[in-house]
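Chain letters run A, B, ... following the sequence lines, proteins first, then strands; residues in each count from 1. Just so we're clear, the structure is a prediction, and the values are computed from it rather than from any experiment.
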2 protein chains.
Amino acid sequence: MQGEQSSRTVQSVQTTIDIVEHLREVGEAGVTDLAAALDHSKGTIHSHLATLLENEYVVRNGDRYGLSLKFLDFGEYVKSQLEIYDVVVEELDDLAAETGEVAQFATEEHGRAVYLYKAHGNQAVNTASSVSKREYIHCISLGKAMLAQFPEERVDEIVDRHGLPAKTSNTITERDELAAELQEIRERGYAVDDEEMIEGIRCVAAPITNDGVVGAISISGPSSRMAGERFEETLPSKLLRSANVIEINAKFS
Amino acid sequence: MQGEQSSRTVQSVQTTIDIVEHLREVGEAGVTDLAAALDHSKGTIHSHLATLLENEYVVRNGDRYGLSLKFLDFGEYVKSQLEIYDVVVEELDDLAAETGEVAQFATEEHGRAVYLYKAHGNQAVNTASSVSKREYIHCISLGKAMLAQFPEERVDEIVDRHGLPAKTSNTITERDELAAELQEIRERGYAVDDEEMIEGIRCVAAPITNDGVVGAISISGPSSRMAGERFEETLPSKLLRSANVIEINAKFS
DNA sequence: AATAATTGTTTGCAAGGGCCGAACGCTCTC
DNA sequence: GAGAGCGTTCGGCCCTTGCAAACAATTATT
């Protein structure tokens, strides 16, 4: 029953985190910039940067500081912890090639969907998603496919935390509407996004489970092509087959 | 004249860093594990983890903590800051396809070489290198190609910091030997690794400069194939042509 | 050229906060 | 149901962090 709030935290660590996130936003900055932006003295910022520099989380070009490639190392490591990643890549490349559309993989973290891989078919349209991008979970098919597998309390927690902001006129913005949709997804076996995130884009998505939800895969494309039998039969069945292949691989590795 | 030592640092930030790096090593751990491993009280570890959790740098499965995908986001960001990355990928894929060997890209950070991309040709042999891996700079062709472009003081700094540890019997372990080699590289225009890092593997590498050194690219393979005219003419010229393409692209973007 | 204005760096000092240790609640095991 | 393990909470002491102001070093201005 971990309450999400009010544990005792370490303030000086928080300022270091603020520094790192500011650098993530602006690319690079000097001591004075950071001191002004984060409302600390120059001396304070300096000693924090010295700590980060000593541990190589930060590099300096002259008098400007930026994030180091150590973050890349950590990122690659975190990705490699997902054992299913390699199989997913293989299957999504196949799906994208067969369908010509965009095929994606995402997982859930802290109540958001995180895109982890994107394969482009030869007719693929570009959307804003990209590796490591975070997105609200209720308005994309990938997210709903995962939500449908979660226990009710967990869904409630996530909605409490992030709300149900509208992205288009089709976005689900009410809790009971969401609950009904999730029920439908469970019955149907896959999730659908009917222009709920981006106007003109429809998606289908299937969850990947392996002793709990590990993520979801999806196919997305323009509504004109995502219609009729293709949208209701062909693509879902391809998708479910791929999800199945991934799950079987995961089970025996 | 930034001395590398003795600036005032923030100790509590250091413990958070220790926690993060420990998690990077063991994958996941509980409060008690961390307290024992890092020699702190459980309470201390707890408040640090709470800070990390609140900022989403860490996830918890039950009572075990692990690094979150936020590191992936930061890693991707840092990679994207290297504007030349996309061109490099394209050129290395070509090089690997043409030659059948392994083609790689690395840059320098904190006196070490950091691999950033690896393309496999159809005869490629597997080496231990991989994206974000750090390696000593003096014993690989990529590293020497970069060192040869640095001012003498910078080379000295790096050697002071990391030394010249031997990896094979061919590794350069003396400063004057290194200086002579770097001079030769400057005259020749590219660097060579003759089994100095791994027995049986030879490489050629060329620096990528754009208002300073941004990295280096290399081709590596088994010594049996990396010999004669191919090693001394064909591969170096292909490599230099690719380096040139990359530099021109970098200049106009 | 000389001076002014910025920058990053250092340091003394005071107060605020981090760390420990012990106690608590919880969940599993035996 | 008692024990051992875990994560969590909390009071209080002491250390350390953070500020402000002075310093150094570079750049802009006159």
**Report entry** Glu187(B) atom CD: more than 12 heavy-atom contacts under 6.0 Å
**Finding:** yes
Query raised in the report: When you check every protein heavy atom under 4.0 Å of nucleotides 13-25 of chain C, what one-letter string (B, S, -) results, 5' to 3'?
Result: ----SSBB-----
Query - Donor-acceptor pair between Ser132(B) and Asp73(A) side chains, under 3.5 angstrom - result: yes
Query raised in the report: How bent is the helix from dA1(C)-dT30(D) to dC30(C)-dG1(D), comparing axes over its five end pairs at each side, to the nearest 10°?
Result: 40°
Report task. Using a cut-off of 6.0 Å, state whether more than 12 heavy atoms not belonging to Asp176(B) lie near its atom CG. Result -> yes
Query - Whole-Å distance separating the CG atom of Asn61(B) from the P atom of dG7(D) - result: 13 Å
Query raised in the report: Expressed in angstrom and rounded to an integer, what is the separation of Tyr65(B) atom OH from dG7(D) atom P?
Result: 8 Å
Query raised in the report: Can Lys70(A) and Glu21(B) be counted as an ion pair, charged N to O under 4.0 angstrom?
Result: yes
Report task. Decide whether a cation-pi geometry holds between Arg134(A) and Tyr115(A); the criteria are a distance under 6.0 Å from NZ or CZ to the six-membered ring centre and an angle within 45° of the ring axis. Result -> no
Requested in this report: Would you tell me if any nitrogen or oxygen in the side chain of Ser7(A) comes within less than 4.0 Å of OP1 or OP2 on dT8(D)?
Outcome: no
Report summary line: When rounded to whole Å, the NE2 to P distance for the pair His46(B) and dC26(C) reads 15 Å
Query raised in the report: Is any side-chain N of the basic residue among Glu56(A) and Arg161(B) closer than 4.0 Å to the acidic one's carboxylate O?
Result: yes
Requested in this report: Round to the nearest Å and state the distance from Asp63(B) atom CG to dC28(C) atom P.
Outcome: 10 Å
Requested in this report: Calculate, to the nearest 0.5 Å, the distance between atoms OH and CG belonging to Tyr65(A) and Leu49(A) respectively.
Outcome: 5.5 Å
Query raised in the report: What's the spacing between Glu247(A) CD and Thr209(A) OG1 if we round to 0.5 Å?
Result: 4.0 Å
Requested in this report: Measure from CZ on Arg64(B) to P on dG7(D) and round the result to the nearest Å.
Outcome: 8 Å
